[in-house]
Amino acid sequence: MSAPEIKGWCPGALRPMMSGDGLVVRIRPRLARLTSEQALGLADLSRRFGNGLIDLSARANIQLRGVTEASHPLLIDGLRDLGLVDDDATLEARRNITVTPFWRDGDETCQITEALEKGLAAPDAPELPGKFGFAVDCGPTPVLQAISADIRIERNANGLICRADGCETGMPVTERTAAEAALELARWFLGTGGAPDGRGRMAKHLARGARMPEVMCQASATQTAFSARPGETEIGAMVGFEFGQIDDELLSELGTPGPIRVTPWRMLLLEETRAAPTRTRGAARSGDAAGRVGLITEPNDPRLRVTACTGAPACTQARGKTRSLARKLAGALPANTHLHVSGCTKGCAHPTVCDITLVATAPDQYDLIRDGRAQDAPAMTGLNQDQIQEALNAPQL
Ligand code: SF4
């Protein structure tokens, strides 16, 4: 079996990526926020120029699916009118910044993100690998530590720090100096050989033995284990979606009352909504994938403990189906167990360790990995769906 192809870059709006169901067009809203007009416009564009399915990514990006080569230029015109596309593909790729969705107008997260965006758009900006990203996480306690990022600006007991991912200490910074410190750290990463062939991540670079200058490691990080759940927050109602996918009708419905913030937990934060909404339209759409798209408003919904990538047939690299199996297994999962179903060993939907990972190896055939990632050695191989069910019910799980 050949290994899945590692592309080493992420799709953008101006540089989309081909998948089994057409082009994937990724949008990075500024401060991860859509105004009501942008949300409604995006829903309309997804319906007219894509297949109406929209993925929420683990870096708080939005992906429109099913776009064609012919509809892509028209989609870009529409995104430009909504202020949702960068001037060029280079700027778009560089602006890889995940922000806490709990920011307030004009606070440190807003100011630092704006300064960082400016720095990354400057002619002398570091030429970073496609997957290299920043987390701006300046709330009272960090909430993004489990989210993929290479350089983190966050708060410890004494104030803000800028630290390299994989390092438990960082450099004390202020709102004024944080963005420049982050760019300096990015230059150090490149200058010390972090991306020899144009690819590389900070934590791996440190794990290979790269030594950081002392000045960059003077302050201890405050470690937190934040877990996002649907429900009321100080900003508005947080809602989740089965497999982090939403359709154009639901996006339009949720965006009508007010602005929406996109979170890296594949949930949306509805600014003008306090009580969790219920789906009134869209769910009734039948005969296509969108008819199964589900809104999750209960914090204990078992679907929150299941992650599954697109799988077959929408991803060309998938060896088998993922979401139908994950949906079937969700209700029967043992308590406190998280399940990841992956269409191949790449493990896009959950790159880190999971309690149980199922990796498709052929149609209706899966390998089972315990406490590992999709690339790790399986504990059981070649299972069909009945055998998986038995394995999940086994006492040693
Ligand atoms: S993990 Fe899933 S989405 Fe990623 S390449 Fe494999 S099949 Fe496709």
Side-chain angles (χ1 to χ4, degrees), residues 4-30 32 34 38 42-43 45-80 82-98 117 120-121 127-134 147-150 195 198-201 241 243-248 251 262-264 266 289 307-318 322 342-344 346-351:
E5 184 190 354
I6 309 286
K7 295 189 194 290
W9 57 279
C10 297
L14 297 166
R15 193 187 178 204
M17 189 180 275
M18 185 53 81
S19 191
D21 59 349
L23 293 171
V24 174
V25 173
R26 184 177 288 186
I27 295 145
R28 292 184 169 148
R30 288 204 145 71
L34 296 173
Q38 287 173 327
L42 203 51
L45 293 174
S46 154
R47 181 170 48 245
R48 286 165 54 210
F49 302 125
N51 61 10
L53 291 179
I54 300 158
D55 289 329
L56 305 175
S57 88
R59 292 200 190 188
N61 298 152
I62 296 173
Q63 293 183 169
L64 306 190
R65 302 199 69 94
V67 177
T68 64
E69 299 280 0
S71 66
H72 182 246
L74 300 167
L75 171 62
I76 293 300
D77 287 346
L79 291 173
R80 199 158 270 135
L82 291 170
L84 286 173
V85 71
D86 291 274
D87 289 345
D88 62 57
T90 306
L91 284 184
E92 171 180 78
R94 279 186 194 167
R95 198 168 55 79
N96 198 353
I97 308 171
T98 307
E117 283 182 0
L120 290 169
E127 296 287 345
L128 293 163
K131 290 190 179 283
F132 195 98
F134 300 81
I147 299 300
S148 176
D150 297 272
R199 293 182 187 189
R201 300 296 302 268
F241 308 92
F243 310 126
Q245 191 170 71
I246 183 169
D247 67 19
D248 57 289
L251 178 60
V262 190
T263 81
R266 297 190 169 104
T307 309
C309 70
T310 307
C315 178
T316 49
Q317 304 212 47
T322 52
S342 186
C344 74
K346 213 163 149 186
C348 301
H350 191 98

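These numbers come from the heavy atoms of this one structure, side chains and all, not from hydrogens, waters or symmetry mates.
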Next item on the list: Just jot down the side-chain contact (heavy atoms from CB on, under 4.5 Å) partners of Ala312, sequence neighbours excluded, or say none.
Entry: Ala318

Check: Are the side chain of Ser19 and the backbone of Gly22 linked by a donor-acceptor contact shorter than 3.5 Å?
Finding: no

Next item on the list: Grab the two heavy atoms, one from Ala13 and one from Val85, that are nearest each other, plus how far apart they are.
Entry: CB-CG2, 3.9 Å

Margin query: Quick check for you: to the nearest 0.5 Å, what is the distance between Cys315 atom SG and Met18 atom CE?
Written below: 12.5 Å

Notebook entry, point to check: Which atoms form the tightest heavy-atom contact between Gly200 and Phe132, and what is the distance?
Noted result: O-CD1, 4.2 Å

Notebook entry, point to check: Is any side-chain heavy atom of Glu117 closer than 4.5 Å to a side-chain heavy atom of Ile97?
Noted result: yes

Next item on the list: Determine the minimum heavy-atom distance between Leu64 and Ser46, stating which atoms define it.
Entry: CD2-CB, 4.1 Å

Check: Taking atom types as modelled, is there a side-chain donor on Ser148 or Arg59 under 3.5 Å from an acceptor on the other?
Finding: yes

Next item on the list: Output all residues satisfying ring-ring contact (aromatic ring centres under 6.0 Å, His included) with His72, sequence neighbours left out; order by chain, then residue number.
Entry: none

Check: Roughly how far, to the nearest 0.5 Å, is CZ of Arg47 from CG of Leu42?
Finding: 11.0 Å

Next item on the list: Output all residues satisfying salt bridge (charged side-chain N to carboxylate O under 4.0 Å, His left out) with Asp86, sequence neighbours left out; order by chain, then residue number.
Entry: Arg30, Arg95

Next item on the list: Quickly, which of Leu14, Asp55, Asn61 forms a side-chain contact (heavy atoms from CB on, under 4.5 Å) with Arg26? Name it, please.
Entry: Asn61

Next item on the list: Applying side-chain contact (heavy atoms from CB on, under 4.5 Å), run through Thr98 and Phe134 and close with a yes or a no.
Entry: CA-CA 6 Å; Thr98 307; Phe134 300 81; over 6 Å; no

Item checked: Over all atoms of both residues, closest heavy-atom pair of Arg266 and Ala349 -> NH1-O, 3.3 Å

Next item on the list: Output all residues satisfying salt bridge (charged side-chain N to carboxylate O under 4.0 Å, His left out) with Arg94, sequence neighbours left out; order by chain, then residue number.
Entry: Glu127

Check: Of the non-hydrogen atoms in Ala89 and Arg15, which two are nearest, and what is the gap between them?
Finding: CB-CB, 4.5 Å

Next item on the list: Sequence neighbours left out, what passes side-chain contact (heavy atoms from CB on, under 4.5 Å) with Pro29? Give chain and number order.
Entry: Ile27, Leu34, Ile62, Leu84, Val262

Margin query: Could you measure the distance from the CZ atom of Arg48 to the CG atom of Asp248? Nearest 0.5 Å is fine.
Written below: 12.0 Å

Next item on the list: Please test Asp21 against Leu53 for side-chain contact (heavy atoms from CB on, under 4.5 Å), starting from the C-alpha separation and ending with a verdict.
Entry: CA-CA 10 Å; Asp21 59 349; Leu53 291 179; 5.5 Å; no

Next item on the list: Decide yes or no for Lys131 and Asn96: does some side-chain heavy atom of the first lie under 4.5 Å from some side-chain heavy atom of the second?
Entry: no

Check: Counting N and O atoms only, with roles assigned by atom type, does the side chain of Asp150 sit under 3.5 Å from a partner on the main chain of Arg201, one being a donor and the other an acceptor?
Finding: no

Next item on the list: Measure the spacing between CD1 of Ile54 and CG of Leu251 and express it to the nearest 0.5 Å.
Entry: 4.5 Å

Notebook entry, point to check: Got a donor-acceptor contact below 3.5 angstrom from the Gln63 side chain to the Val24 backbone?
Noted result: no

Notebook entry, point to check: Can you check whether Cys309's main-chain N or O pairs, donor with acceptor, with Thr322's side chain at less than 3.5 Å?
Noted result: yes

Notebook entry, point to check: Does the pair Glu69 and Leu23 meet the rule for a side-chain contact (heavy atoms from CB on, under 4.5 Å), with working shown?
Noted result: CA-CA 7 Å; Glu69 299 280 0; Leu23 293 171; 4.3 Å; yes

Notebook entry, point to check: In chain order, what residues pass the side-chain hydrogen bond (donor to acceptor under 3.5 Å, both in side chains) check against Arg80, with sequence neighbours excluded?
Noted result: none

Checklist line | Pair Val25-Leu75, side-chain contact (heavy atoms from CB on, under 4.5 Å): steps then yes or no | finding: CA-CA 9 Å; Val25 173; Leu75 171 62; 3.9 Å; yes

Next item on the list: Considering non-hydrogen atoms only, spot the tightest contact between Asp88 and Thr90 and give its length.
Entry: OD1-N, 3.0 Å

Next item on the list: Keeping the roles fixed (side chain from Glu92, backbone from Asp87), state whether a donor-acceptor pair exists under 3.5 Å.
Entry: no

